[in-house]
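To find a chain, count down the sequence lines: A is the first, B the second, and so on, and within it residues start at 1. Side chains are part of it too, since the values below use all heavy atoms of this structure and drop only hydrogens, waters and symmetry mates.
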Amino acid sequence: MSAITYELLHIDKNSGARRGVVHTPHGDIQTPIFMPVGTQATVKAMTPEELKEEVQAQIILSNTYHLYLRPGHELVKEAGGLHKFMNWDRPILTDCGGFQVFSLSDLRKIKEEGVEFTSHLDGSKHFFSPERVMEIEEALGADIIMAFDECVKYPETYEYTKQSMERTTRWAKRCKDAHTTADRQGLFGIIQGGFYEDLREQSAKDLIAMDFPGYAIGGISVGEPKEEFLKMLKFTAPLMPENKPRYLMGVGSPDYLIEAALAGIDMCDCVLPTRIARHGTAMTSHGKVVARNACYERDFTPLDSECDCYTCRNYTKAYIRHLINTKEILGVRLLSIHNLRFLTKLMDRVRIEIENDNLLNFRDEFYKNYGYTKE
RNA sequence: GGGUAGGUGGUCGAGUGGUUAAUGGCACCAGACUGUAAAUCUGGCCGCGAGAGCGUACGAUGGUUCGAAUCCAUCCCUACCCA
């Protein structure tokens with residue numbers, strides 16, 4: 001029995017979006033879902049209690065690379081695993097370090113065997129092979145663990161993307177072979193292939209043949225125009241098995257999340273809501289509110305009149321602007337709570353609209369209120 | 001009353017005869033951020049102008065000089081010390 005299983009509840013008759021449940025060793029996840037990112041065993045500025053009670057997050061992400069460097073996966077294991085270490089008893093997903101192959105591109109060398117990183121902390125050398133990544137992710141003990149991949153930049157040549165994708169596929173096989181905890185950790189494969197349809201197709205086919213309990217789309221939402229993103233998303237999602245979770249990596253703006261659900265994606269994660277919160281911006285049902293801006297100096301209304309979050313129930317834009325401008329920690333915390341709650345609530349709504357076969361209409365209405373121009 | 005050190009753009013503070021509308025920091029204003037090297041980064045920040053540019057500006061006034069925030073004279077103001 002796999003640690004991770006997917007139960008399909010309903011398909012939106014008008015869009016094909018999926019409403020489902022992912023069963024994990026630490027409980028169920030209602031999908032589609034947005035997963036807050038807590039790279040270093042913490043969703044920045046949030047306590048796990050706030051994530052549960054105020055944000056109502058069902059699952060969070062953490063990161064192999066960062067936790068391997070500090071405090072070290074052995075230490076986390078000694079603490080009783082990541083759940084216990086950080087006092088979070090709901091599901092956790094660990095990313096594999098594949099994104100760091102992309103984001104730390106000046107600090108690493110890729111070979112067939114794996115990737116050599118120069119630590120961004122102290123310049124020390126570290127080698128990540130698929131086998132090593134499995135060892136680390138198993139020590140961390142997340143419910144869902146990701147196979148080691150390379151997230152290719154945009155744009156990239158066909159030739160490079162092809163050989164990278166093929167290597168990621170070989171690495172996925174090595175991860176699967178090295179994986180020893182399939183009874184309590186579900187290993188997901190990551191579809192690569194850049195912005196080339198035939199490569200995406202090949203990647204999906206080869207990974208599906210390996211029979212992972214779930215699949216992710218990686219390597220999109222890496223700075224390409226929205227049009228390119230949507231094209232690749234809509235091409236790739238239907239290639240993924242229907243009876244397993246489908247995870248789109250690195251997506252977190254409201255429009256991308258809705259588009260992902262429409263494409264039949266079940267899970268997304270992103271640093272965006274917490275990052276822009278720290279930088280003074282809120283996502284609201286009426287579009288972005290840059291709370292730092294002078295126009296809110298005397299605005300004694302909540303960030304979002306339609307929001308039920310702790311921040312909106314208790315604080316005004318004028319106060320939050322003051323906190324952000326004076327660099328008070330509370331400003332960052334209040335905005336983080338709001339943004340995360342905004343997205344979890346958005347996904348609550350998306351699930352309801354799917355059940356009502358109405359996600360397309362909701363998308364249009366949401367775009368209009370948010371101020372997005374359609375596609 | 002005497003002495004010493006000073007007065008620079010919102011502020012602190014460089015500059016001490018030309019390439020200076022004047023380095024930096026802060027404050028202020030705006031933008032970016034999408035599997036977190038990010039409580040970060042980028043841009044703007046005298047006025048007018050889309051721009052080339054024009055006008056005004058380094059306490060005040062006058063002077064030296066081809067040219068002054070920078071040199072000189074007088075005055076005003078500030079801080080500290082002595083009486």
Can you tell me how the ring of [X] sits relative to the ring of [Y], calling it parallel under 30°, perpendicular over 60° and tilted otherwise?
X        : Y        : answer
A:Tyr367 : A:Tyr372 : tilted
A:Tyr68  : A:His126 : perpendicular
A:Phe102 : A:Phe99  : tilted

Compare all side-chain heavy atoms of [X] with those of [Y] and state whether any distance is below 4.5 angstrom.
X        : Y        : value
A:Lys153 : A:Ser105 : no
A:Arg18  : A:Leu8   : yes
A:Ser62  : A:Leu67  : yes

Can you tell me how far [atom1] in [N] sits from the matching atom in [M], rounded to whole Å?
N      : M      : atom1 : result
B:rG18 : B:rU23 : P     : 16 Å
B:rA60 : B:rU8  : C1'   : 15 Å
B:rG62 : B:rA57 : P     : 12 Å
B:rC71 : B:rG15 : C1'   : 16 Å
B:rU70 : B:rU64 : C1'   : 14 Å
B:rC29 : B:rU34 : P     : 25 Å
B:rU61 : B:rA68 : P     : 15 Å
B:rG7  : B:rC33 : C1'   : 44 Å

Can you tell whether the side chains of A:Lys226 and A:Asp255 come within less than 4.0 Å, N to carboxylate O?
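Result for this pair is yes, salt bridge flagged.
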Would you indicate whether [X], at its atom [atom1], is surrounded by more than 12 heavy atoms from other residues, nucleotides or ligands within a distance under 6.0 Å?
X        : atom1 : result
A:Leu121 : CG    : yes
A:Glu227 : CD    : no
A:Lys176 : NZ    : yes
A:Glu355 : CD    : yes
A:Arg170 : CZ    : yes

Just to be sure I follow the notation: if a pair is Watson-Crick (purine N1 to pyrimidine N3 plus N6-O4 or O6-N4) or a G-U wobble (N1-O2 and O6-N3), each under 3.5 Å, what dot-bracket string does RNA chain B give, with | for pairs to another strand?
((((((((.[[[..)..(.....]]].(((((.......))))).(((....)))...[[[[[..)....]]]]]))))))).
Under 4.0 Å from OP1 or OP2 of B:rA37: is there any side-chain N or O of A:Ser103 that close?
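For B:rA37, OP1 or OP2 has a side-chain N or O of A:Ser103 closer than 4.0 Å.
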Reckon A:Arg275 has a side-chain N or O less than 4.0 Å from the OP1 or OP2 of B:rU34?
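So the side chain of A:Arg275 is within the cut-off, an N or O lying under 4.0 Å from OP1 or OP2 of B:rU34.
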Could you state the atom-to-atom distance from [atom1] of [X] to [atom2] of [N] in whole Å?
X        : N      : atom1 : atom2 : answer
A:Phe102 : B:rU36 : CZ    : P     : 11 Å
A:Asp266 : B:rG35 : CG    : P     : 19 Å
A:Leu323 : B:rA39 : CG    : C1'   : 13 Å
A:Tyr256 : B:rG35 : OH    : P     : 12 Å

Please classify the nucleic acid contact of [X] as base, sugar-phosphate, or nothing, using heavy-atom distances under 4.0 Å.
X        : answer
A:Cys96  : base
A:Asp95  : base
A:Leu107 : base
A:Gly331 : nothing
A:Leu61  : sugar-phosphate

When you measure from the side chain of A:Gln100, which nucleotide among B:rC33, B:rA37, B:rG35 comes out closest?
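Closest nucleotide among those given: B:rA37.
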If you pin A:Glu328 and A:Ser221 to their nearest nucleotides in RNA chain B, which one's is more 5'?
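Whichever sits nearer the 5' end wins; that is A:Ser221.
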Which residues in [range] have a heavy atom closer than 4.0 Å to any atom of RNA chain B?
range                       : value
residues 35-42 of chain A   : A:Val37, A:Thr39
residues 118-136 of chain A : A:His120
residues 332-348 of chain A : none

State whether a side-chain donor-acceptor pair under 3.5 Å links A:Arg341 with A:Thr344.
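Yes, A:Thr344 and A:Arg341 have a side-chain donor paired with an acceptor closer than 3.5 Å.
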Can you give one letter per nucleotide of nucleotides 25-32 of chain B, going 5' to 3': B for a protein heavy atom under 4.0 Å from the base, S for sugar-phosphate only, - for none?
--S-SBBB
Are A:Tyr319 and A:Asp299 close enough, and set up right, to give a side chain to side chain donor-acceptor pair (under 3.5 Å), and what steps lead you there?
CA-CA 9 Å; A:Tyr319 181 58; A:Asp299 187 330; over 6 Å; no
Option passing side-chain hydrogen bond (donor to acceptor under 3.5 Å, both in side chains) with A:Gln192 (candidates A:Asp149, A:Thr168, A:Thr169):
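With A:Gln192 as partner, side-chain hydrogen bond (donor to acceptor under 3.5 Å, both in side chains) holds for just one option, A:Asp149.
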Using the side-chain hydrogen bond (donor to acceptor under 3.5 Å, both in side chains) definition, which of the options A:Asp211, A:Thr5, A:Asp266 pairs with A:Lys244?
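Running side-chain hydrogen bond (donor to acceptor under 3.5 Å, both in side chains) over A:Asp211, A:Thr5, A:Asp266 with A:Lys244 returns exactly one hit, A:Asp211.
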Write out all pairs satisfying ring-ring contact (aromatic ring centres under 6.0 Å, His included) with one or both partners inside residues 219-259 of chain A, taking only residues at least two apart or from two chains.
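For residues 219-259 of chain A, and leaving out neighbouring residues, the ring-ring contact (aromatic ring centres under 6.0 Å, His included) pairs sorted by first residue read A:Phe229-A:Tyr256.
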Might you work through the side chain to side chain donor-acceptor pair (under 3.5 Å) test for A:Ser285 and A:Asn369, ending with a clear yes or no?
CA-CA 6 Å; A:Ser285 50; A:Asn369 290 334; over 6 Å; no
With no angle test and no hydrogens, is the base of B:rG35 tied to the side chain of A:Asn63 by a donor-acceptor pair under 3.5 Å?
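Side chain to base: no pair below 3.5 Å.
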